[in-house]
Amino acid sequence: MMLKRFPAVPTDPGVIRQVLSDSPELMMVSFEFAKGAEGKLHSHSHVQSTYVQSGRFVFSVSGEDLEVAPGDSFVIPSNAVHGCRCLEPGRLIDTFTPRRDDFL
C-alpha cells in the first residue's frame, strides 16, 4: 500500500478540489465550497457518489433539484447532467468509478 499526497487546487470560484486517494478503478476527492460557490453543470462517464461532510447544498441532477445537508449521500449516474450551489460553506466527499484521470 502506498500513501500519496495530492495538492489542493482551485477549480471554480470559491471551490477547492483535492484528490484524497486513487486507483485506476476508484478515486476519492474532497471539494471545499465557500457560500454561494457553484459547481457548474456538467456530465462525465464516471459513476459518482457524493457524501456531504459539512455545509448545505442544492444539487441539480438530470433537471431535478435536491437540497442536501451533513450526513446525506447519493449517487449520480454515468452521463447525468449535474451541478450544485453552496448554501452554507462546506465540504463534499466524492468518489468516482473509474478514476477521473483529468483530476490528476
Side-chain angles (χ1 to χ4, degrees):
M1 183 169 108
M2 184 178 186
L3 179 64
K4 296 182 195 175
R5 302 219 185 267
F6 297 91
V9 295
T11 58
D12 294 316
V15 182
I16 297 174
R17 176 183 72 218
Q18 184 174 22
V19 172
L20 301 176
S21 60
D22 80 301
S23 74
E25 302 83 15
L26 182 67
M27 174 180 268
M28 183 181 293
V29 183
S30 168
F31 288 90
E32 291 275 350
F33 281 80
K35 183 177 182 176
E38 295 186 8
K40 295 177 186 162
L41 286 175
H42 65 286
S43 66
H44 43 74
S45 61
H46 313 80
V47 175
Q48 175 178 333
S49 176
T50 296
Y51 171 74
V52 183
Q53 183 177 13
S54 61
R56 295 185 73 80
F57 299 83
V58 172
F59 268 81
S60 175
V61 180
S62 299
E64 187 175 328
D65 287 347
L66 170 70
E67 188 169 330
V68 293
D72 290 339
S73 63
F74 54 96
V75 172
I76 299 171
S78 177
N79 297 311
V81 176
H82 62 283
C84 70
R85 182 170 46 88
C86 181
L87 303 176
E88 295 176 9
R91 174 185 283 180
L92 302 173
I93 304 296
D94 289 347
T95 54
F96 299 93
T97 184
R99 168 177 64 200
R100 292 279 309 256
D101 289 337
D102 56 319
F103 285 178
L104 297 176

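These numbers were taken from a predicted model, which means no experiment stands behind them.
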- Message: To check you understand the geometry: which heavy-atom pair defines the closest contact between C86 and G90, and what is its length?
- Response: SG-N, 4.2 Å

- Query: So how far is it from F57 CZ to E88 CD, rounded to the nearest 0.5 Å?
  - Reply: 9.5 Å

- Query: If you look at every heavy atom in L41 and G83, which pair is closest and at what distance?
  - Reply: CD2-N, 3.6 Å

- Message: Would D22 and F6 count as a side-chain contact (heavy atoms from CB on, under 4.5 Å) here? Give the steps.
- Response: CA-CA 10 Å; D22 80 301; F6 297 91; 3.2 Å; yes

- Ignoring hydrogens and angles, tell me if any N or O in the side chain of T97 forms a donor-acceptor pair with the backbone of E25 under 3.5 Å. yes

- Item | Distance (rounded to the nearest 0.5 Å) between S21 OG and L26 CG | 6.5 Å

- Shared ILVMFWY cluster between L104 and I16, side chains joined below 4.5 angstrom? no

- Message: Check for me, please, whether F74 and L92 land in the same ILVMFWY cluster - side-chain distances under 4.5 Å, paths through other members count.
- Response: yes

- Under a 4.5 Å cut-off applied to non-hydrogen side-chain atoms, are Q53 and E32 in contact? no

- Query: Is there side-chain contact between F33 and C84, with heavy atoms separated by less than 4.5 Å?
  - Reply: yes

- Item | Side-chain touch D12/E38, heavy atoms, less than 4.5 angstrom | no

- Taking C-beta and beyond as the side chain, do H44 and D102 meet within less than 4.5 Å on heavy atoms? no

- Message: Does any part of the side chain of L66, heavy atoms only, come nearer than 4.5 Å to the side chain of D72, both counted from C-beta?
- Response: no

- Message: For a quick test of reading the model, state the closest non-hydrogen atom pair linking A37 to V15 and the distance between them.
- Response: CB-CG2, 3.9 Å

- Message: For a 4.5 angstrom cut-off between non-hydrogen side-chain atoms, does D94 reach R100?
- Response: no

- Query: Would you call S45 and N79 a side-chain contact if the rule is heavy atoms closer than 4.5 Å?
  - Reply: yes

- One should read off an interatomic distance between R5 CZ and L20 CG, to the nearest 0.5 angstrom, of 11.0 Å

- Please answer whether the main-chain N or O of R91 pairs with a side-chain N or O of S54 as donor and acceptor at a distance below 3.5 Å. yes

- Here the gap from R17 atom CZ to F103 atom CZ, rounded to the nearest 0.5 Å, amounts to 4.5 Å

- Query: Rounded to the nearest 0.5 Å, how far does CD of Q48 lie from NE2 of H46?
  - Reply: 10.0 Å

- Query: Does H82 use its side chain to pair, donor to acceptor, with the backbone of S43 at less than 3.5 Å?
  - Reply: no

